[in-house]
2 protein chains.
Amino acid sequence: MIVSRPPRLDAHARLRALTSDITDLILDRGLLPGDAMPTEQELMAELGVGRNTLREAIKVLQALGVVEIRHGFGMFVAEENLVALSDSLTFRGQMSLRHKGHEANELVDVRQALEAGLVGTAMSAITEQHLAELEAIVVDMERLAADGHSFIDADRNFHRILFEPLNNQLLSNLLGVFWDVYRTIHQSIDAKDSTRAHLAETAHSHRELFEAVKSGDKPLASSLLACHFDGIRGQLAEFNAPAG
Amino acid sequence: MIVSRPPRLDAHARLRALTSDITDLILDRGLLPGDAMPTEQELMAELGVGRNTLREAIKVLQALGVVEIRHGFGMFVAEENLVALSDSLTFRGQMSLRHKGHEANELVDVRQALEAGLVGTAMSAITEQHLAELEAIVVDMERLAADGHSFIDADRNFHRILFEPLNNQLLSNLLGVFWDVYRTIHQSIDAKDSTRAHLAETAHSHRELFEAVKSGDKPLASSLLACHFDGIRGQLAEFNAPAG
DNA sequence: GAAAGTCGGACGTAGGACGTCCTATGCTGT
DNA sequence: ACAGCATAGGACGTCCTACGTCCGACTTTC
């Protein structure tokens with residue numbers, strides 16, 4: 001199936017058409033994540049383009065999380081992920097911090113809407129095991145805070161498990177991405193959240209939230225989450241107006 | 001500033017490092033969207049890589065919406081956009097429709113959480129002008145529905161303007177992306193929503209929502225939005241189990 | 001002074017060559 | 001017979017050269 005592309009097209013459109021042809025090929029053949037794709041040579045012949053052009057398109061698909069390339073072995077359909085969104089948002093976030101930090105605030109707003117808006121539904125589907133895991137994380141946080149250590153991973157896990165009951169991959173990925181992007185931005189502003197007092201405060205707010213979740217008090221959980229994000233917004237504001 | 005990259009690294013990591021070097025270069029030089037970037041030759045010299053390797057990295061950044069390339073002219077820092085997310089989600093959505101359509105449901109769930117969760121806040125900041133625009137769109141919808149025409153664009157605009165008062169670019173982009181992805185998926189299942197009855201129903205539900213927004217009844221607006229999405233979920237279910 | 005033609009720079013595409021890496025095959029030693 | 005290693009082959013990674021295409025700016029001409 002040699003495709004004869006329209007002769008004259010904008011370069012960007014041509015690259016887009018090529019990536020689209022490749023994804024169509026995946027869909028038409030019914031390839032599933034993990035399945036092997038044709039080799040570069042086969043794709044070159046099939047799509048009627050040179051190796052450089054093809055590789056540029058493939059690299060784009062790799063960046064978009066569509067295909068996975070294993071050096072010396074071959075090319076495969078990738079598992080679900082949102083690498084693309086993460087990379088894109090991270091860059092935008094870092095960029096905006098250079099002047100205003102506006103986008104970081106928007107990110108927090110969206111996270112707040114998602115988490116505060118969905119925590120009630122998540123609580124309806126939560127299991128004993130989830131609660132046990134959450135409690136273990138909180139205990140861990142409190143211990144680390146007392147020792148003066150930070151607990152980035154524990155924080156991330158807490159939020160991840162909180163929404164796991166919804167069983168929504170897209171949501172989990174989005175929240176994970178937002179968390180990672182936020183952490184990257186946060187690190188680049190050299191946040192002073194490693195003070196023991198701040199650590200204890202963060203641990204405590206997670207403890208409160210856990211108790212609300214455990215007791216099934218949805219409105220309380222929602223408002224505690226909102227508070228949590230207000231605190232984060234405060235840190236960002238401090239950074240933007242340190243002289244304030 | 002010739003960078004000497006560590007000699008041995010995973011190929012994927014190397015490409016990532018290269019894209020990262022380029023974004024760092026943008027950030028370090030304080031380039032703003034629209035600003036010109038170094039040429040390929042300059043970047044090759046500066047980053048110490050060959051043209052193919054460099055171009056692959058650049059194409060990735062183009063796909064991620066970081067840079068914009070103008071054939072025969074040069075390379076520029078791109079304006080904000082979420083092309084990457086859109087492309088990635090569209091592919092995933094189409095892919096999943098081949099078996100279960102699970103991801104389409106997840107997409108609707110996230111949209112519902114965002115829109116139903118934030119409509120209240122948006123209503124607090126809404127202006128007379130926004131209300132006027134919304135009403136104009138609803139009137140348009142009703143007219144088109146009566147004539148048996150579909151109103152994709154009007155639908156999209158309604159939701160866009162509804163959340164414009166929040167003045168959150170990220171949120172607007174996310175909702176726009178979700179809408180586009182959903183439309184693409186929807187088209188590929190050959191939805192039968194062009195029947196006059198269905199059109200009238202959709203127009204009516206937007207009318208109800210508009211009235212709720214106008215009267216400032218936040219809980220009602222939120223629940224109407226939730227209903228709207230329940231209807232969409234129903235269409236998806238029909239598609240997945242047509243024999244049912 | 002304005003319009004048309006020309007020139008140069010920059011990106012787009014193709015193909016070849018060689019390096020690197022991974023898997024699989026077959027051999028060897030126990 | 002089985003485990004471990006050595007080797008061969010395939011496939012991706014990187015670089016180079018060459019030429020095509022496009023755009024903006026400069027020059028020429030009327």
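Letters go in sequence order (proteins before strands), and every chain restarts at 1. Heavy atoms only: backbone and side chains are in, while hydrogens, waters and symmetry mates are out.
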Checklist entry - Tell me, for nucleotides 7-16 of chain D in 5' to 3' order, what letter each nucleotide earns: B for a base near a protein heavy atom under 4.0 Å, S for only sugar-phosphate near one, - for neither? => result ---BBBBBBB
Item to check | Pairs touching residues 62-79 of chain B that satisfy salt bridge (Lys or Arg N to Asp or Glu O under 4.0 Å), sequence neighbours left out | outcome: none
Next on the checklist: Once salt bridge (Lys or Arg N to Asp or Glu O under 4.0 Å) is applied, what residue pairs with a partner in residues 159-172 of chain A remain, sequence neighbours excluded?
Outcome noted: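 Only A:R160-A:E164 qualify under salt bridge (Lys or Arg N to Asp or Glu O under 4.0 Å).
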Next on the checklist: So, using salt bridge (Lys or Arg N to Asp or Glu O under 4.0 Å) as the criterion, who are the partners of B:D109 when residues are at least two apart?
Outcome noted: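 Counting only residues at least two positions away or on another chain, B:D109 forms a salt bridge (Lys or Arg N to Asp or Glu O under 4.0 Å) with B:R233.
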Checklist entry - Got a sec, which residues hit side-chain contact (heavy atoms from CB on, under 4.5 Å) with A:D35, two or more places apart in sequence or on another chain? => result A:L31, A:L32
Checklist entry - Please, which pairs that meet ring pair (Phe, Tyr, Trp, His ring centres under 6.0 Å) have at least one residue in residues 30-74 of chain B, sequence neighbours excluded? => result B:F73-B:F76
